[in-house]
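Just the heavy atoms: all of them, side chains too, but no hydrogens, waters or symmetry mates, feed the values below. Order of the sequence lines fixes the chain letters, A, B, ..., with proteins taken first and strands second; residue numbering starts at 1 for each chain.
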Amino acid sequence: MPIPSKYEHIEIEKKWYSYWMENNLFKSIPNDKEPFTIVIPPPNVTGLLHMGHMLNNTIQDILVRRARMLGKNACWVPGTDHASIATEAKVVENLKEKGINKLDISRDEFLKYAWDWTEKYGGGILEQLKMLGCSCDWDRTKFTLDDDMYESVLIAFKILHNKGLIYRGYRMINWDPEAKTTVSDEEVNYVEEQSNLYYLKYKIVDSDQEMIIATTRPETIFGDTAVCVNPKDKRYKSMIGKQAIVPICDRKVPVIADPYVDVEFGTGCLKVTPAHDINDYNLGKKHNLDTIDIFDTNANLNQHGLHYEGKNRFVVRNEMEDELIKNKLLIKKENYVHNVGRSERTNSVIEPKISKQWFLKMDEITKPAIINVLENENIKFFPKKFKSTYKYWLENIKDWNISRQLSWGHQIPVFYYGNDDEYIVATSKEEALKKANEDLKLNLKDSDLSQDQDVLDTWFSSWLWPISVFDGIRNPDNEEIKYYYPTQDLVTGPDIIFFWVARMIISGYEFRDEKPFSNVYFTGIVRDKLRRKMSKQLGNSPDAIKLIEEYGADSVRVGLMLSSAAGNDLLFDESLCQQGKNFTNKIWNALRLIDGWDTDLQIKQPKVNELAINWYRNKFNNTLESIDSNFESYRISDVLMSSYKLIWDDFCSWFLEILKPEYGKKIDQKSKSDLIELFIKNLKIIHPFMPFLSEEIYHNIEGKVSKPITISSWPNKEEYDIQLINNFEITKEIISQIRNYRKEKNIPFKTPIKLYCIPSNKPIGNIDVIKKIGFVEDIIESEKADFALVKSFIIKNYEFFIPLDEGFDKDSEIKKLNKELEYNIGFLKSVDSKLKNKNFISNAPKEIIDKEKQKIIDTEQKIKSIKKSISELS
RNA sequence: GGGUGAUUAGCUCAGUUGGUUUAGAGCACUACCUUGACAGGGUAGGGGUCACUGGUUCGAAUCCAGUAUUACCCACCA
């Protein structure tokens with residue numbers, strides 16, 4: 001059957017993916033082989049594949065497929081994340097469209113909606129990963145809210161709580177009044193916004209003194225519990241210790257002094273509102289001030305706001321202005337630009353708020369994470385530069401606020417039986433009840449216990465991922481965790497180095513006393529050609545699935561990997577996929593060419609084929625060596641580029657051209673079988689990048705193979721002769737010169753020419769190659785002087801020439817030679833001056849000096865020849 | 001404001017711990033080729049004072065200091 005001229009990626013990709021799945025090629029179970037494990041960074045369960053995922057998962061697949069071919073037990077665990085805030089926000093929005101307010105329905109009802117939503121839209125991304133060719137063990141697919149995963153998270157909470165690492169405390173948190181939840185510091189975006197700076201008058205009790213205070217938030221005066229100045233500020237020295245009167249509410253508050261206050265800013269006076277500003281909160285703690293919370297959960301004023309009670313904070317700000325002016329308490333108002341924190345999800349202005357939250361103590365448990373990455377590199381980062389980011393965060397770590405006022409997630413396993421401080425930590429109500437009655441002898445009934453309404457931060461489940469997917473939290477001694485853990489590589493973006501990477505490292509040492517992975521490969525951010533981040537708003541992100549459909553998964557994978565060194569941002573452009581597609585086309589056509597060569601058992605192997613095969617074998621092994629070493633250092637783009645050049649240039653442009661039988665003729669059996677062997681080796685090294693194409697070709701090659709390439713073995717490193725490879729480079733150069741000559745003289749490609757060489761330096765091997773590819777009739781030994789005019793090729797120490805006829809453009813030839821002469825004289829001069837430098841001679845190592853001396857000899861030789869040619873021409 | 005990187009050809013980047021020519025690759029570009037696998041191809045070619053200024057060294061794209069530009073991270077200024 002003839003091979004179709006077009007590579008039909010859509011059908012072929014579908015065909016092979018089903019084949020791989022049906023034959024369970026990605027399945028992994030513990031055995032006596034060395035494990036190679038990667039856990040996927042779980043994408044948002046309802047998310048869709050974007051360019052970032054494509055890049056990230058292509059890299060993982062490349063690593064996994066190569067490991068599999070290296071004979072390791074490759075296990076890539078897929079899964080999805082419940083992404084509590086993002087998913088809950090979507091569900092709430094969807095309910096809103098149906099006219100349902102989340103606050104009007106019960107927790108269970110809401111969760112039912114959320115599960116419906118998840119079932120409807122969830123998991124799509126995993127199907128998309130299959131289209132990309134990802135070789136995950138799909139039987140292991142996990143979801144962070146699966147029963148076993150859920151329980152693992154609760155158990156982890158319990159363990160940490162029992163160790164005294166989890167505590168409940170008052171903290172200043174970021175309150176999102178729209179979502180009615182706390183958001184982590186990381187989920188707040190600060191945006192520069194135009195606002196006003198209000199100058200308010202605070203009178204001093206029993207005196208005619210007054211203080212002018214500049215604030216951007218006059219509505220918070222209801223929560224003022226002090227006025228603060230810098231102790232060094234002479235202007236206000238006399239007022240320290242007195243009482244100031246807060247405008248409108250007329251409350252008396254102390255005037256205190258603290259160096260925190262900037263003398264230069266505003267008037268040098270600061271109103272202190274501990275309940276609504278993080279710095280004021282810290283001041284309040286230091287000076288033992290009262291805390292007055294003036295907002296309700298919507299960030300509307302509460303009873304402390306007096307006649308403004310129930311009104312929105314921004315409305316109050318405007319309305320107060322009139323009242324302040326009327327009472328002559330507003331001195332002035334000026335434009336002011338400052339940063340306003342907004343919620344990443346709802347975009348509403350964040351309100352700092354005092355709240356009782358659950359925290360995880362971070363100082364002690366982070367120690368192994370510092371030592372094992374920064375001090376002894378038990379975990380390696382690629383690229384290394386991210387170690388400094390990591391270090392900075394760990395050394396300034398704060399306790400982790402792990403509770404979230406949401407429903408979608410792991411409900412905090414705390415059961416209250418009395419006031420806030422009377423609770424039991426248990427993974428179920430039954431367990432809590434049992435504990436209460438048996439251990440604490442409380443004699444409670446089921447209804448006496450109420451579970452904490454909050455859920456845990458999403459990252460509190462993610463940080464256990466490499467352990468929990470192997471059930472290592474619930475069953476720390478099970479076979480799977482013992483076999484697969486620690487995993488080998490983690491591939492993720494540097495933007496979640498704190499959220500996720502660092503925390504996984506912390507949890508790994510905390511729960512298993514062992515690192516979670518050995519290497520972390522950080523991908524860059526995928527941007528468009530203008531360096532803009534890809535985003536929905538900008539509409540500059542290509543549709544990932546469309547790309548796969550149009551170009552084929554292999555081409556997209558190649559396009560993504562062509563220029564994405566670890567840690568570098570990838571400036572994506574569709575032309576990269578086109579380049580990938582051109583490459584698939586090139587390889588496909590190599591197959592078609594080879595397939596068309598019939599063998600003839602009668603033909604003896606020509607010398608030229610033997611030379612070429614020997615060369616390509618050496619070249620392949622030489623390239624394989626650098627491919628392997630680049631893989632070890634995660635230089636994946638370099639791996640692809642060397643494979644690309646090996647296949648395109650060395651294999652297709654040179655090797656196949658040399659072997660190509662004359663039109664209508666056949667190829668000898670030995671050459672053909674060697675060729676196929678080498679072609680298959682090429683396919684193997686390209687397979688991690690182009691799994692579908694390589695599999696298809698592998699099965700199309702003559703002498704059909706029974707085993708798929710996916711589970712074939714990676715080529716063995718063989719010895720190679722570098723001298724032989726270098727000699728072939730000279731051959732290539734000679735041929736190149738011949739082509740150049742033909743072009744100048746307008747001689748058609750295939751018109752045979754005669755080439756001469758001077759007898760004193762008989763040319764090196766590969767004569768047959770020069771003859772065949774250069775269409776050289778014969779190489780004749782002769783002296784240049786025998787001809788009136790010649791064109792010389794001096795390559796290394798070998799000199800060839802072609803006789804010229806009288807009509808030749810002498811001047812341009814002489815010009816060219818002069819240019820070359822000039823270059824060589826300049827070069828000689830630079831080397832010579834180096835060698836004349838006494839300091840160089842006395843300090844440089846002998847090898848370097850010898851090398852320089854050799855350069856002199858070579859260059860002088862060259863100059864001599866060029867000069868001779870010039871004089872012969874003129 | 002604090003921190004960490006980056007700056008090499010039109011573009012994207014290598015340059016592996018200072019010495020293989022007077023710095024490389026891919027893409028793009030230019031000229032020529034309707035060549036029997038591939039025009040999604042072939043052949044040949046042009047293009048860089050390695051951001052700038054000093055310093056260390058026999059020798060610097062590579063090490064050090066400063067300047068400029070830029071990216072990211074952290075903190076958020078009443």
Side-chain angles (χ1 to χ4, degrees), chain A residues 3 5 185-186 188 190 197 213-217 220 228 260-262 265-273 277-280 336 338-341 383 385-393 396 494-495 497-498 525 529 531 555 562-565 567-571 573 575-576 578-579 581-597 629-630 633 635 637-638 640-642 644-645 648 652-653 656-657 660 663-664 736 739-740 742-744 746 748-750 823-824 826-827 829-831 834 837-845 847-849 851-852 854-855 858-859:
Chain A
I3 292 167
S5 65
D185 292 347
E186 290 85 358
V188 180
Y190 288 89
L197 195 57
I213 295 177
T215 178
T216 52
R217 303 200 59 193
T220 62
C228 189
Y260 164 73
V261 178
D262 181 356
F265 188 90
T267 58
C269 300
L270 172 73
K271 67 193 238 1
V272 185
T273 322
D277 182 283
I278 182 68
N279 298 302
D280 291 13
Y336 186 68
H338 71 145
N339 283 334
V340 176
K385 65 178 177 189
F386 289 112
K387 276 170 77 174
S388 4
T389 318
Y390 177 85
K391 179 174 184 224
Y392 190 81
W393 185 72
N396 296 286
D495 48 335
I497 193 165
F498 314 133
I525 296 166
K529 263 198 139 175
R531 282 196 181 274
S555 306
L562 271 170
S563 179
S564 55
N568 281 3
D569 285 358
L570 171 67
L571 272 59
D573 186 82
S575 65
L576 288 168
Q578 188 56 50
Q579 199 185 339
K581 200 173 177 186
N582 293 350
F583 189 39
T584 56
N585 182 254
K586 188 76 184 174
I587 303 175
W588 184 248
N589 277 290
L591 167 71
R592 295 212 301 134
L593 176 67
I594 295 167
D595 186 67
W597 294 349
S629 84
N630 279 330
S633 44
R635 301 173 67 105
S637 288
D638 288 353
L640 175 59
M641 193 42 76
S642 5
Y644 181 90
K645 284 194 276 195
W648 199 305
C652 293
S653 297
L656 292 183
E657 288 302 327
K660 191 184 263 179
Y663 190 57
S736 195
R739 285 169 178 165
N740 216 336
R742 285 176 190 276
K743 202 178 158 187
E744 278 171 22
N746 236 336
F749 241 24
K750 291 183 174 174
Y823 172 91
N824 280 288
F827 177 62
K829 220 170 145 187
S830 83
V831 180
K834 208 186 233 180
N837 185 334
K838 276 179 198 156
N839 288 325
F840 174 70
I841 299 297
S842 54
N843 287 317
E847 310 93 78
I848 300 294
I849 297 172
K851 244 181 219 170
E852 296 297 317
Q854 188 58 44
K855 279 185 205 167
D858 291 352
T859 315

* **Nucleic acid footprint by protein, nucleotides 8-19 of chain B - heavy-atom cut-off 4.0 Å, B for base, S for sugar-phosphate alone** => ----SSSSB--B
* Asked: In terms of the angle between their ring planes, are A:Y644 and A:F583 parallel, tilted or perpendicular, with boundaries placed at 30° and 60°?
  -> tilted
* Asked: With rounding to whole Å, what would you report as the distance between B:C11 and B:G42 at their C1' atoms?
  -> 24 Å
* **Pairwise C1' distance for B:U57 and B:U12, with rounding to whole Å** => 34 Å
* Minimum heavy-atom distance between A:D569 and A:I525, given as atom pair plus value -> OD1-N, 3.0 Å
* Got a sec, which residues hit side-chain hydrogen bond (donor to acceptor under 3.5 Å, both in side chains) with A:S575, two or more places apart in sequence or on another chain? -> A:D573
* Asked: A:K851: what forms a salt bridge (charged side-chain N to carboxylate O under 4.0 Å, His left out) with it, not counting sequence neighbours?
  -> none
* To do: In whole angstrom, give me the gap between the C1' atoms of B:C27 and B:G40.
  => 14 Å
* Asked: Sequence neighbours excluded, which residues qualify as side chain to side chain contact (heavy atoms under 4.5 Å, CB included) partners of A:K391?
  -> A:L374, A:E395
* Structure fact -> Ranking B:A44, B:A78, B:C38 by distance to the side chain of A:T215, first place goes to B:A78
* If we take the P atom in both B:U16 and B:A51, what is their distance in whole Å? -> 15 Å
* Nearest-Å distance for atom pair NZ/P, residues A:K271 and B:C77 -> 12 Å
Please list each protein N or O that sits under 3.5 Å from an N or O in nucleotides 46-50 of chain B, with the distance.
none

* To do: May I have the distance from A:I841 (atom CD1) to B:C58 (atom C1'), rounded to whole angstrom?
  => 9 Å
* Asked: Under the 3.5 angstrom rule, does the side chain of A:N843 hit a backbone N or O of A:N839 as a donor-acceptor pair?
  -> yes
* Asked: Say you draw a straight line from CG of A:D280 to OG1 of A:T220; how long is it, rounded to the nearest 0.5 Å?
  -> 8.0 Å
* **B:G47 and B:G54, which share atom name C1', separated by this distance in whole Å** => 30 Å
* Asked: Would you say A:Y392 stacks on B:G3, if stacking means ring centres under 5.5 Å apart and planes within less than 30 degrees?
  -> no
* To do: Between A:S388 and A:S653, name the one whose nearest nucleotide on RNA chain B is closer to the 5' end.
  => A:S388
* Asked: What's the NZ-C1' distance between A:K581 and B:C38, to the nearest Å?
  -> 14 Å
* To do: Determine the interatomic distance between C1' on B:G46 and the same-named atom on B:U34; round to the nearest Å.
  => 26 Å
* Considering residues at least two apart in sequence or located in another chain, which fulfil the salt bridge (charged side-chain N to carboxylate O under 4.0 Å, His left out) criterion with A:R742? -> none
* To do: Whenever both distances are under 3.5 Å in a Watson-Crick or G-U wobble pair, mark it; put RNA chain B into dot-bracket that way, with [ ] for crossing pairs and | when the partner is on another strand.
  => (((((((..((((.....[....)))).(((((.......))))).....(((((..]....))))))))))))....
* Asked: When rounded to the nearest Å, what value does the distance between P atoms of B:U8 and B:U70 take?
  -> 14 Å
* Among B:G40, B:A44, B:G36, the nucleotide that comes nearest once only the side chain of A:Y663 is considered -> B:G36
* Where is the tightest heavy-atom contact between A:W597 and A:L656, given as atom of each residue plus distance? -> CH2-O, 3.6 Å
* Mind checking what makes salt bridge (charged side-chain N to carboxylate O under 4.0 Å, His left out) contact with A:D495, not counting sequence neighbours? -> none
* To do: State whether A:N279 places a side-chain N or O below 4.0 Å from either non-bridging phosphate oxygen (OP1 or OP2) of B:C77.
  => yes
* **Phosphate contact (B:A78 OP1 or OP2) by A:H338 side-chain N/O below 4.0 Å** => yes
* A:K660 has a side chain; which of B:A44, B:A37, B:C73 sits nearest to it? -> B:A37
* Results of side-chain hydrogen bond (donor to acceptor under 3.5 Å, both in side chains) for A:K586 - residues two or more places apart only -> none
* Rounded to the nearest Å, what distance is computed from the CG atom of residue A:L591 to the P atom of nucleotide B:A37? -> 13 Å
* Tell me which nucleotide among B:C38, B:C73, B:A78 gets nearest to the side chain of A:K586. => B:C38
* Quick one: A:I497 CD1 to B:C72 C1', roughly how many Å, whole number? -> 12 Å
* Closer than 4.0 Å, any side-chain N/O of A:N740 to the OP1 or OP2 of B:G45? -> yes
* **Residues forming a side chain to side chain contact (heavy atoms under 4.5 Å, CB included) with A:L197, sequence neighbours excluded** => A:Y199, A:A214, A:T216, A:E334, A:Y336
* Compare all side-chain heavy atoms of A:V831 with those of A:T859 and state whether any distance is below 4.5 angstrom. => no
* Whole angstrom value for the distance that separates C1' of B:A37 from CG of A:L593 -> 5 Å
Using atom names, set out every protein N or O paired with an N or O of nucleotides 24-28 of chain B below 3.5 Å, distance rounded to 0.1 Å.
residue, atom, partner, partner atom, Å
B:A25, O2', A:K645, NZ, 3.0
B:G26, O2', A:Q579, NE2, 2.9

* How long is the line joining CD of A:Q578 and P of B:G40, in whole Å? -> 9 Å
* **Gap between atoms CZ and P, on A:F583 and B:G40 respectively (whole Å)** => 18 Å
* Structure fact -> Sorted by chain and residue number, the salt bridge (charged side-chain N to carboxylate O under 4.0 Å, His left out) partners of A:K855 (sequence neighbours excluded) come out as A:E852
